[in-house]
Every structure is written in structure tokens, then in C-alpha cells.
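I have a structure I would like to understand better, so I am pasting it below and will then ask my questions one at a time.
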Amino acid sequence: MAERSGYEQIYRVVCQIPRGQVATYGQVAALAGIPRHARQVGYALYQVAPSSDIPWQRVVNAQGKISYSPFREGNDDFQQQLLIDEGVVFDPDGKIDLQEYQWQPTDFDLKQ
DNA sequence: AAGTTGACTATTT
DNA sequence: AAAATAGCCAACT
């Protein structure tokens, strides 16, 4: 179990994703100050997924799709509906239009 | 200490 | 468009 790390900043970024918007793993990594660590972002969320205040499902891959976790497969579909509930539109393939819904953080957001 | 793994991404088939 | 390949780097064994 690997807790205590720079992951804290990753969680902070994810929590700042506005309702109805999404961010990619690479984007979160970059905002957290650790570009190229997209995989580590996924790994960080892997620890926190089940019961957390963190809207982990607002983080999707560069294709605009949900990355299915190895242990929570069925849960992923359920969470996809939560995103729809937030106003995010999925294509027939289950993709999100990143051009419309990808989070565009402002300086104000990052200062929080 | 060294090798394997992975909620990624970009490139190539 | 979907699948395979390569590059990536921290955590895990």
C-alpha cells in the first residue's frame, strides 16, 4: 500500500474539476505539476476510487472515454451515468466530446 | 537491487 | 476505426 506521496496534489486537482466537465489523465498530471505522469494519476485514483469525496470519474483518458478499472468494471457504467447526470454528453461509442467538455482551468482555480 | 506492472498517450499497422 | 507498438516513469514485488 502506497499512500503518502505527491498524490495529494493530484486529488486536489481532481476535486477542482467543475461539475459537468472532465479532464484527461495527462492534463491532471500537468496541473499537478508532474507532466508525463498520466499513468501515475490513474494509479493514484485507483487507490481512492471506491468511497471517496473525489469525483474520480470526471477524469477520463485522452480519447474522451472512461478508463475501466480492473476491479470496478460494472461500477464504471454506473458512474458514466453520473456524468450524464451532470450534463456531460456521451457519443454512441461512449465517448465524450473533449472539445466541449474538457476542463479549462483558470488561474483562480489553481490558486484554491 | 532488479524486474514487472499499469484507471496513460502518441504513433503505427 | 480499432488494435497493436513503443515510450514513459513511479509504485510494487
Side-chain angles (χ1 to χ4, degrees):
Chain A
M1 308 107 171
E3 294 87 336
R4 69 178 91 174
S5 283
Y7 287 172
E8 208 172 301
Q9 52 195 355
I10 294 175
Y11 302 144
R12 188 177 70 233
V13 172
V14 174
C15 287
Q16 288 170 20
I17 302 174
R19 183 175 178 278
Q21 292 187 34
V22 298
T24 66
Y25 291 94
Q27 180 181 5
V28 171
L31 292 173
I34 50 175
R36 303 218 154 158
H37 290 76
R39 302 179 91 161
Q40 255 44 46
V41 173
Y43 201 73
L45 294 178
Y46 162 80
Q47 305 178 50
V48 90
S51 56
S52 171
D53 303 340
I54 301 175
W56 60 274
Q57 208 61 306
R58 285 182 189 152
V59 182
V60 298
N61 59 28
Q63 299 176 16
K65 277 182 157 178
I66 304 290
S67 290
Y68 291 84
S69 63
F71 300 107
R72 299 286 177 184
E73 291 184 27
N75 194 313
D76 289 328
D77 289 336
F78 174 71
Q79 294 294 5
Q80 179 177 323
Q81 295 224 357
L82 291 182
L83 282 178
I84 295 174
D85 208 33
E86 293 183 355
V88 178
V89 176
F90 283 77
D91 291 323
D93 291 337
K95 284 191 197 169
I96 299 171
D97 185 352
L98 289 179
Q99 294 183 76
E100 292 294 334
Y101 296 101
Q102 185 169 28
W103 177 37
Q104 299 177 353
T106 63
D107 295 335
F108 182 77
D109 290 327
L110 298 178
K111 279 184 182 177
Q112 278 185 57

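By convention in this document, chain letters (A, B, ...) are assigned in the order of the sequence lines, proteins followed by strands, and residues within each chain are numbered from 1.
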- Message: In this structure, how many angstroms lie between the C1' atom of B:dC8 and the CG atom of A:Leu98, rounded?
- Response: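 To the nearest whole Å, that distance equals 14 Å.
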- Item | From C:dC12, B:dG6, B:dA10, nucleotide with atom closest to A:Ala62 side chain | B:dA10
- Item | Passing candidate, side chain to side chain contact (heavy atoms under 4.5 Å, CB included) with A:Val88, options A:Asp97, A:Ile96, A:Val60 |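 So, applying the side chain to side chain contact (heavy atoms under 4.5 Å, CB included) to A:Val88 and each of A:Asp97, A:Ile96, A:Val60, only A:Ile96 qualifies.
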- Query: Which part of the nucleic acid, if any, lies within reach of A:Gln57 when heavy atoms closer than 4.0 Å are counted: base, sugar-phosphate only, or nothing?
  - Reply: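 Here A:Gln57 touches the bases of the nucleic acid.
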- Task: Output yes when at least one side-chain N/O atom of A:Thr24 is less than 4.0 Å from OP1 or OP2 of B:dC8, else no.
- Result: no
- Query: Rounded to whole angstroms, how far apart are OH on A:Tyr25 and C1' on C:dA10?
  - Reply: 16 Å
- Task: Would you please say whether a donor-acceptor pair under 3.5 Å links the side chains of A:Gln16 and A:Gln112?
- Result: no
- Message: For a quick test of reading the model, state the closest non-hydrogen atom pair linking A:Lys95 to A:Gln63 and the distance between them.
- Response: CD-O, 3.8 Å
- Message: What is the distance, to the nearest angstrom, from the CD atom on A:Gln47 to the P atom on C:dA11?
- Response: 9 Å
- Task: Spell out yes or no: do the side chain of A:Arg36 and the base of C:dC9 have one donor N/O and one acceptor N/O closer than 3.5 Å?
- Result: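 Answer no: no donor N or O sits under 3.5 Å from an acceptor.
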- Item | OP1 or OP2 of C:dA10 under 4.0 Å from side-chain N/O of A:His37 |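 True: A:His37 side-chain N/O within range (under 4.0 Å) of C:dA10 OP1/OP2.
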- Query: Which whole-number value in Å describes the distance from A:Gln63 CD to B:dT11 P?
  - Reply: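 Spelled out: CD on A:Gln63 to P on B:dT11 is 13 Å.
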- Message: Without decimals, in angstroms, what is the distance between A:Tyr46 OH and B:dC8 P?
- Response: 13 Å
- When you measure from the side chain of A:Arg58 to the backbone N and O of A:Ile17, does any donor-acceptor pair fall under 3.5 Å? yes
